[in-house]
Amino acid sequence: MKTRKGNKVYPLTNAQKLHFYCLKYCPKKQVLNIGASLTIQVDLDRELLKQSIEEAIARCESMRLRFAQDKEGNTWQYVVKQDDSVIEHFDFTGWKMEDAKQKMEEWTQTPFARFDSPMHHIVMIKLPDGFQGIYIAVDHMTMDAQSLIMFYRDVIELYCQKLYPDEVSYPKDMASYLKQLQKDLAYEDNSSTCQKDRAFFQKLISSSEPIFADIYGPDKLNAERIAKNNPALRAATNTSDNVDANISTFHLETEPSERLHTFCQNQQVSMVCLLLMGLRTYLQKENNLDDISVTTTIARRATLTEKRCGGSRIHCFPFRTIVAKEDSFIEGIYKIRDMQNQYFRHANFSPSEYYAYRKQCYHLEDGQTYEPLSLTYQPLSMRYDGPGLDKLEGIKYRTSRYSNGVAAHTLYLTVSENPTDNGMDFCFEYQTGVVTPEKLRDIYYYLCRILFHGIEDCSRSVGEIIDWV
């Protein structure tokens, strides 16, 4: 296949292949749906908002992305010149807030038609409390969280420009998804850089075997050792036939969130380093192990073009650190930072190839892993403070995520900046048959205690912090 409906077609990228693999084997096809809303406490001009959404779609190639399947069953992607989707409107006035949320979860749990069809569903909404804005569901093969936030921002900037044409400049163009796609595919075609990245990860994987450390402690690994009659087994099966999922969100207020940010600035480390240190220390406490692995996500948006091109650029890799209890809290963070910097240099490598090589290297069975959870930190807020909105004094924002009802893995933690009060949201998406809400409260409680006791005096040893919490 070279063209589809007059548009040039391209293969899937490594990031998309990982999603497509998940879609192929998950029994519920809404598994790739991302649903979110952004609402503002102000009356919006509905026609002006509709025009802004349509214009933002025209400016964003990945919102016009389609997929096609050839006779051999291969999947391709292409961008249509004009989007033919309908921008809907729904007024929740008179509804209960929980019923409105349930309705948007229903939208999020509706699978997209996979081929030759729009991969988004956009609704202008008015909530029961008068907040107004946009609900969007997108397919993860076309957009990730950062893409979606950039799209929301573009809609807001376009709206403000239309509302105040004499005072607000027209927003700068989005970057081309197709141009970035061609760069990605050139890298993936066994380029010299790809070969160097492959050599790095293969050496890292084969250096020594990680060990599974669960959120519930060592019971799962011990049970598998008994079942396999292998007391030296280091991997555990961490899958479930029940992929039903839910989302629980815990909000960290402005002042404590600011303390975490200030610590990162003073120590010149990223927030994701601090969060990883907190999570691995919790797992270290639960399992009495210094060797901890979790899955980390890398956005791969270093350049301005990558930041503004849309699409799905997330790569997920296992992230292993060995931090002794005698090490100080800051020493652990520095170990994470140093390893993270190495990952960044090689992050374009295929996660699917990473997992395939590791499976072969350690003779893992299907479903066996070393990572109990995945962490994503999303520093980009949906909040817009640019020209136009400064005229609306005391404006209040609200953002919400909606569960698609499915999770391919046991537990995802996404930490993001809350635009309402500049606090931080800890959003757990979890398989309901494996993880309980009570356990999530425990994780969040101990994670916060570890983080704040650690930043209070980062020379404290990890063992001392574990004993204290």
Side-chain angles (χ1 to χ4, degrees), residues 12 15-36 67 75 101-115 119 121 137-145 148 212 214-216 219-221 223-224 227 235-249 293-297 312 314-318 351-352 354-356 358-359 364-376 400-414 426-441 443:
L12 301 181
Q16 290 171 319
K17 288 175 184 174
L18 195 64
H19 293 317
F20 196 67
Y21 178 86
C22 175
L23 177 72
K24 182 179 178 180
Y25 291 101
C26 185
K28 297 189 177 183
K29 299 309 177 185
Q30 72 267 33
V31 64
L32 298 184
N33 288 14
I34 303 172
F67 298 99
T75 299
K101 177 185 176 184
Q102 184 177 355
K103 184 65 175 178
M104 286 183 274
E105 286 187 343
E106 287 177 16
W107 294 341
T108 307
Q109 293 168 14
T110 303
F112 291 103
R114 180 52 41 185
F115 300 116
M119 305 306 290
H121 176 209
V138 294
D139 182 88
H140 211 343
M141 287 177 66
T142 67
M143 302 283 272
D144 54 31
L148 188 56
F212 181 78
D214 194 29
I215 58 173
Y216 286 102
D219 289 353
K220 188 175 289 185
L221 178 59
E224 190 134 352
T237 303
N238 197 38
T239 58
S240 172
D241 293 334
N242 180 3
V243 296
D244 292 346
N246 205 349
I247 290 176
S248 291
T249 301
S293 294
V294 299
T295 302
T296 187
T297 59
S312 184
I314 293 290
H315 275 188
C316 304
F317 295 104
S352 299
Y354 179 107
Y355 285 107
R358 188 175 76 168
K359 181 177 181 180
L364 300 180
E365 298 178 8
D366 289 345
Q368 284 188 330
T369 185
Y370 307 100
E371 294 80 36
L373 58 83
S374 173
L375 171 68
T376 298
S400 296
R401 279 186 59 190
Y402 303 98
S403 173
N404 62 22
V406 184
H409 300 287
T410 303
L411 181 60
Y412 300 84
L413 170 58
T414 300
F426 290 71
C427 182
F428 292 90
E429 183 178 26
Y430 61 100
Q431 289 182 341
T432 55
V434 181
V435 184
T436 65
E438 291 77 17
K439 186 60 180 177
L440 297 178
R441 282 195 289 270
I443 295 173

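I34 is linked by a side chain to side chain contact (heavy atoms under 4.5 Å, CB included) to V138, H140, L148, counting only residues two or more places apart in sequence or in another chain. Residues passing the ring-ring contact (aromatic ring centres under 6.0 Å, His included) test with F426 are Y444, sequence neighbours excluded. Under the side-chain hydrogen bond (donor to acceptor under 3.5 Å, both in side chains) criterion, Y370 pairs with E209, sequence neighbours left out. The side chain to side chain contact (heavy atoms under 4.5 Å, CB included) check on S374 picks up T295, T297, Y412, with sequence neighbours excluded. In this view, K29 satisfies the side-chain hydrogen bond (donor to acceptor under 3.5 Å, both in side chains) rule with no residue, not counting sequence neighbours. Residues satisfying the salt bridge (Lys or Arg N to Asp or Glu O under 4.0 Å) criterion with R401, sequence neighbours excluded, are absent altogether. With sequence neighbours excluded, no residue forms a side-chain hydrogen bond (donor to acceptor under 3.5 Å, both in side chains) with D241. For T108, the side-chain hydrogen bond (donor to acceptor under 3.5 Å, both in side chains) criterion is met by Y135, not counting sequence neighbours. For D244, the salt bridge (Lys or Arg N to Asp or Glu O under 4.0 Å) criterion is met by K28, not counting sequence neighbours. For A245, the side chain to side chain contact (heavy atoms under 4.5 Å, CB included) partners are A407, not counting sequence neighbours. The ring-ring contact (aromatic ring centres under 6.0 Å, His included) search around F112 returns none, not counting sequence neighbours. Under the rule for a side chain to side chain contact (heavy atoms under 4.5 Å, CB included), the partners of T369 that lie at least two apart in sequence or sit in another chain are F212, N238, R358, E371.
With a 6.0 Å radius and a threshold of 12 heavy atoms from other residues, nucleotides or ligands, F115 has its CZ atom above the threshold. The number of heavy atoms from other shown groups lying within 6.0 Å of NZ (K101) does not exceed 12.
Counting heavy atoms from C-beta outward, N246 and S248 have side chains that stay 4.5 Å or more apart. Under the 4.5 Å side-chain criterion, counting only non-hydrogen atoms from C-beta, E365 is not in contact with T237. Residues L375 and T296 have side chains not in contact (no heavy-atom distance under 4.5 Å, counting atoms from C-beta outward). When side chains are defined from C-beta on, P437 does not count as touching F428, because their heavy atoms never get closer than 4.5 Å. Contact of the R114 side chain with the L23 side chain is registered, since non-hydrogen atoms from C-beta on lie closer than 4.5 Å. Two residues are said to be in side-chain contact when any heavy atoms from C-beta on lie closer than 4.5 Å; F67 and T142 meet this criterion.
To the nearest 0.5 Å, atoms OH (Y355) and NZ (K359) are separated by 13.0 Å. In this structure, CD1 on I443 lies 8.5 Å from CG on L413, to the nearest 0.5 angstrom. Separating the OG atom in S352 from the CD atom in Q16 is a distance of 11.5 Å, to the nearest 0.5 Å. Atom CE of M104 sits about 11.5 Å away from atom NE2 of H121, to the nearest 0.5 Å. Put simply, NZ on K220 and CD1 on I215 are 7.5 Å apart, with the number rounded to the nearest 0.5 Å.
When only modelled atom types and interatomic distance are considered, S312 and H19 share a side-chain donor-acceptor pair under 3.5 Å. For E429 and T414, the side-chain atoms include no donor-acceptor pair closer than 3.5 Å.
Minimum interatomic distance between Q368 and L364 (heavy atoms only, all atoms of both residues): OE1-CA, 3.6 Å. Shown here for C316 and P351, the closest heavy-atom pair between the two residues is O-CB, 3.3 Å. Of all heavy-atom pairs spanning A113 and M119, the tightest one is O-SD, 3.6 Å. Minimum interatomic distance between C22 and V31 (heavy atoms only, all atoms of both residues): SG-CG2, 3.9 Å. What you find for A235 and L221 is that their closest heavy atoms are O-CD1, 3.6 Å.
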request  = Just do the side-chain contact (heavy atoms from CB on, under 4.5 Å) check on Q431 and V243 with the steps written out, would you?
outcome  = CA-CA 6 Å; Q431 289 182 341; V243 296; 4.3 Å; yes
request  = Just do the side-chain contact (heavy atoms from CB on, under 4.5 Å) check on I247 and C427 with the steps written out, would you?
outcome  = CA-CA 7 Å; I247 290 176; C427 182; 3.3 Å; yes
request  = Would you check, one step at a time, whether the test side-chain contact (heavy atoms from CB on, under 4.5 Å) holds for M141 with L32?
outcome  = CA-CA 7 Å; M141 287 177 66; L32 298 184; 3.8 Å; yes
side-chain contact (heavy atoms from CB on, under 4.5 Å) between Y354 and L18, intermediate numbers included = CA-CA 11 Å; Y354 179 107; L18 195 64; over 6 Å; no
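A donor-acceptor pair under 3.5 Å is absent between the side-chain atoms of N404 and the main chain of G35, judged by distance alone.
When each of L440, V294, D214 is paired with L411, the side chain to side chain contact (heavy atoms under 4.5 Å, CB included) condition holds for L440 and for no other.
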